[in-house]
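In this chain, numbering begins with 1 at the start of the sequence shown. This is a predicted model, so every value here is computed, not measured.
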Amino acid sequence: MKTDDKKSKNLATPGKPMSEEDFACLIKEAEEGEFLSDEDFHNKFEAWRLSRKK
């Protein structure tokens, strides 16, 4: 996963409402990501968990 060079907005700041356009852009950005099925996720998570076990 790449990180952007642009400054990220702190969306948890109270008192600074987000515009509908910004909200729609965030939703579209999230929908373009990689998605895993439940089984694939659990397999990857289990492999990660076992790799961290000491």
Side-chain angles (χ1 to χ4, degrees):
M1 184 174 186
K2 282 185 163 181
T3 56
D4 292 335
D5 292 335
K6 62 183 178 180
K7 281 188 172 181
S8 62
K9 290 183 180 180
N10 184 355
L11 301 176
T13 305
K16 293 187 179 181
M18 180 184 298
S19 69
E20 285 186 39
E21 184 179 311
D22 288 343
F23 182 72
C25 287
L26 285 173
I27 298 297
K28 285 180 184 178
E29 184 180 328
E31 289 175 340
E32 292 174 359
E34 177 184 344
F35 293 94
L36 300 173
S37 68
D38 278 345
E39 185 177 330
D40 289 340
F41 169 76
H42 288 292
N43 291 339
K44 278 190 164 190
F45 181 78
E46 189 65 22
W48 170 81
R49 190 180 67 79
L50 291 174
S51 71
R52 294 192 37 92
K53 234 179 194 178
K54 293 182 180 180

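Taking the six-membered ring where tryptophan is involved, the planes of Trp48 and Phe45 are tilted, since the angle between them lies from 30° to 60°.
Contacts of Glu39 classified as side chain to side chain contact (heavy atoms under 4.5 Å, CB included), with partners at least two apart in sequence or in another chain: Ser37, Asn43. Residues meeting the side-chain hydrogen bond (donor to acceptor under 3.5 Å, both in side chains) test with Glu34, sequence neighbours left out: none.
For residues 11-24, every residue pair satisfying the salt bridge (Lys or Arg N to Asp or Glu O under 4.0 Å) rule, not counting sequence neighbours, is listed here: Lys9-Asp22.
When the side chains of ILVMFWY residues are joined at heavy-atom separations under 4.5 Å, either directly or via intervening members, Phe41 and Phe35 end up in two distinct hydrophobic clusters.
By the neighbour-count criterion of 12 heavy atoms within 6.0 Å, atom CG of Asp38 is sparsely surrounded, having that number or fewer from other residues, nucleotides or ligands.
The distance from atom NZ of Lys28 to atom CZ of Phe23, rounded to the nearest 0.5 Å, is 12.5 Å.
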